[in-house]
Enquirer: 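First, the structure itself, so that you have it in front of you.
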Amino acid sequence: MRFELIARDAESSARCGLVYTDHGVIETPVFMPVGTVGSVKAVYHRDLKEDIKAQIILGNTYHLYLRPGTDIIRKAGGLHRFISWDRPILTDSGGYQVFSLSESRKLSERGCTFRSHIDGSSHLFTPEGVVDIQREIGADIIMALDECPPGDSDFKYARESLQLTKRWLERGIRHFDATDPLYGYSQTFFPIIQGCVYPQLRKEAAEHAVSLDREGYAIGGLSVGEPAEVMYEMLEVIEPVLPVDKPRYLMGVGTPSNILEAIHRGVDMFDCVMPTRNARNGMLFTSQGKINIRNKKWADDFSSIDEDGTSFVDSAYSKAYLRHLFISNEILGAQIASEHNLAFYLNLVKEARRHIKKGDFVSWKESAVKRLENKL
RNA sequence: GGGGAGAUACCAAAGUGGCCAACUGGGGCAGACUGUAAAUCUGCUGGCUUACGCCUUCGUAGGUUCGAAUCCUGCUCUCCCCA
């Protein structure tokens, strides 16, 4: 993997770049749709590529390991071939699942023992093991196993958690560097910077990650309950520590304005379930603001889903019809809403790229955020 | 013509003397969702009221009772069986 910086904003830390992978080039800032189990829920690959224009998608180590399992994926020739997706894939390590499924996990120096949510069976994830699994999955970008502590963790817990994450990181890198890709194309490994809401821990985590000299760096453990302002502050602490010539990935974020604010603070890559999950639950992000399509007020609104929308579904379907589909619990409603929301997100970051290159990113962002905040 | 069963809120359906403004499901209305155990979850859904509370409501008209959606009688309507 190689990163090329092609534009830097004069008034902020925003940048535009190109991430070269063996599955194609990614323009940054980029939003990566989440496809946890090898499926961006309710969206065809064709629409993902041609309409939404997704450049890269996510998979999840925890979920794919449990089902279908690495044997099947290896037999298929890797995840790309298994799911028929020829663009880049990034896999999360399962670190977030360690956090979100915390009721049934046990952390130790060695790794994390957890119980499958599918059949209750017991499994151990180690920093080395999740590298092996991600090698077998064939992800272009592999994530380190980390612990993602809750947003309200106290300093003592956060510090100890970070030390564990750092030790795990070193083990993961050692193992990654000692192993080879299985499918003839290269893979890269991103560390994850933790440290909760404590600036000194964030700085320490960033310095440690940078000292290990990887091709990109991820920021995790944010947007887990802390106020958005705190998240922005953490980004400001980390930004000057990170090398300008490497991509930065803010994991799991976020709302449209979260993303613009993070781009402002030098972040290049994003993923979030929000556009797809909220779509399935009837919430649409539109240029007119956030709408709940199930609300009665749309019952006889025959205007298109989003007048300024860029997606096929925006021009093809009306709000009244989409509402009808949701009220009738028709699957097509979830499909249309998901396609719309992803297209909205992808177009938002595309606009951000355009304004960074044009040189008016900050003023554009400020009015965009104001519009989004007022309406969302 | 004879026999039987039943009528409860928008719909279905529980309740069969006081703990009933009435279980539950659907529908309706609104909200939440941030590295996906989510096509999920939460609240409200007779009227007035911030609330306490008050008022009206279980086909209809009476009656019994301190008290009735619940017991009795008449009426109206619905369904089933036999002729």
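In the text below, chain A, chain B and the rest are named by the order of the sequence lines, each starting its count at 1. Keep in mind it's a predicted model, so treat the numbers as computed, not measured.
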Enquirer: Listed in order of residue number, which residues of residues 39-56 of chain A have a non-hydrogen atom at under 4.0 Å from RNA chain B?
Expert: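 Those residues are Lys41(A).
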Enquirer: Go through the structure and list residues passing side-chain contact (heavy atoms from CB on, under 4.5 Å) with Asp308(A), not counting sequence neighbours.
Expert: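 Result, side-chain contact (heavy atoms from CB on, under 4.5 Å) vs Asp308(A): Ser287(A), Gln288(A), Asp306(A).
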Enquirer: For Gln163(A), what residues pass the side-chain contact (heavy atoms from CB on, under 4.5 Å) criterion, not counting sequence neighbours?
Expert: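 side-chain contact (heavy atoms from CB on, under 4.5 Å) check on Gln163(A) returns Arg159(A), Lys166(A), Arg167(A), Glu204(A).
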Enquirer: According to side-chain hydrogen bond (donor to acceptor under 3.5 Å, both in side chains), who are the partners of Ser311(A), at least two apart in sequence or on a separate chain?
Expert: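 Ser311(A): side-chain hydrogen bond (donor to acceptor under 3.5 Å, both in side chains) contacts with Asp51(A).
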Enquirer: Tell me which residues in residues 13-38 of chain A put a heavy atom below 4.0 Å from RNA chain B, sorted by number, or none.
Expert: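 Here the set is Val34(A), Thr36(A).
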Enquirer: Looking at RNA chain B, which of residues 133-153 of chain A put a heavy atom within less than 4.0 Å of it?
Expert: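 Output list: Asp146(A), Cys148(A).
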Enquirer: Pull out every residue in residues 214-224 of chain A that has a heavy atom closer than 4.0 Å to any atom of RNA chain B, ordered by number, or say none.
Expert: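 Within residues 214-224 of chain A, the residues near RNA chain B are Gly221(A), Ser223(A).
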Enquirer: So does Gln97(A) get a side-chain nitrogen or oxygen closer than 4.0 Å to the phosphate oxygens (OP1/OP2) of U36(B)?
Expert: yes
Enquirer: What is the per-nucleotide protein-contact pattern of nucleotides 27-32 of chain B, from the 5' end, where B denotes a base atom under 4.0 Å from a protein heavy atom, S denotes such proximity for sugar-phosphate atoms only, and - denotes neither?
Expert: -SSSBB
Enquirer: Taking only distance into account, with no hydrogens and no angle test, what donor-acceptor pairs under 3.5 Å do side-chain atoms of residues 276-283 of chain A form with protein atoms, sequence neighbours excluded?
Expert:
from: Thr276(A); atom 1: OG1; to: Val273(A); atom 2: O; distance (Å): 3.1
from: Arg280(A); atom 1: NH1; to: Thr276(A); atom 2: O; distance (Å): 3.3
from: Asn281(A); atom 1: ND2; to: Arg277(A); atom 2: O; distance (Å): 3.4

Enquirer: Looking at residues at least two apart in the chain, or sitting in another chain, which of them share a side-chain contact (heavy atoms from CB on, under 4.5 Å) with Ser303(A)?
Expert: Asp301(A), Glu307(A), Lys319(A)
Enquirer: Going by side-chain contact (heavy atoms from CB on, under 4.5 Å), name the residues that satisfy it together with His117(A), two or more places apart in sequence or in a different chain.
Expert: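 His117(A): side-chain contact (heavy atoms from CB on, under 4.5 Å) contacts with Tyr62(A), His63(A), Leu66(A).
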Enquirer: Any pair with a residue in residues 74-95 of chain A that passes ring pair (Phe, Tyr, Trp, His ring centres under 6.0 Å), sequence neighbours left out, goes on the list, sorted by first then second residue, please.
Expert: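 As it turns out, the ring pair (Phe, Tyr, Trp, His ring centres under 6.0 Å) pairs with a partner in residues 74-95 of chain A, which skip direct neighbours, are His23(A)-His80(A), His45(A)-Trp85(A), His80(A)-Tyr185(A).
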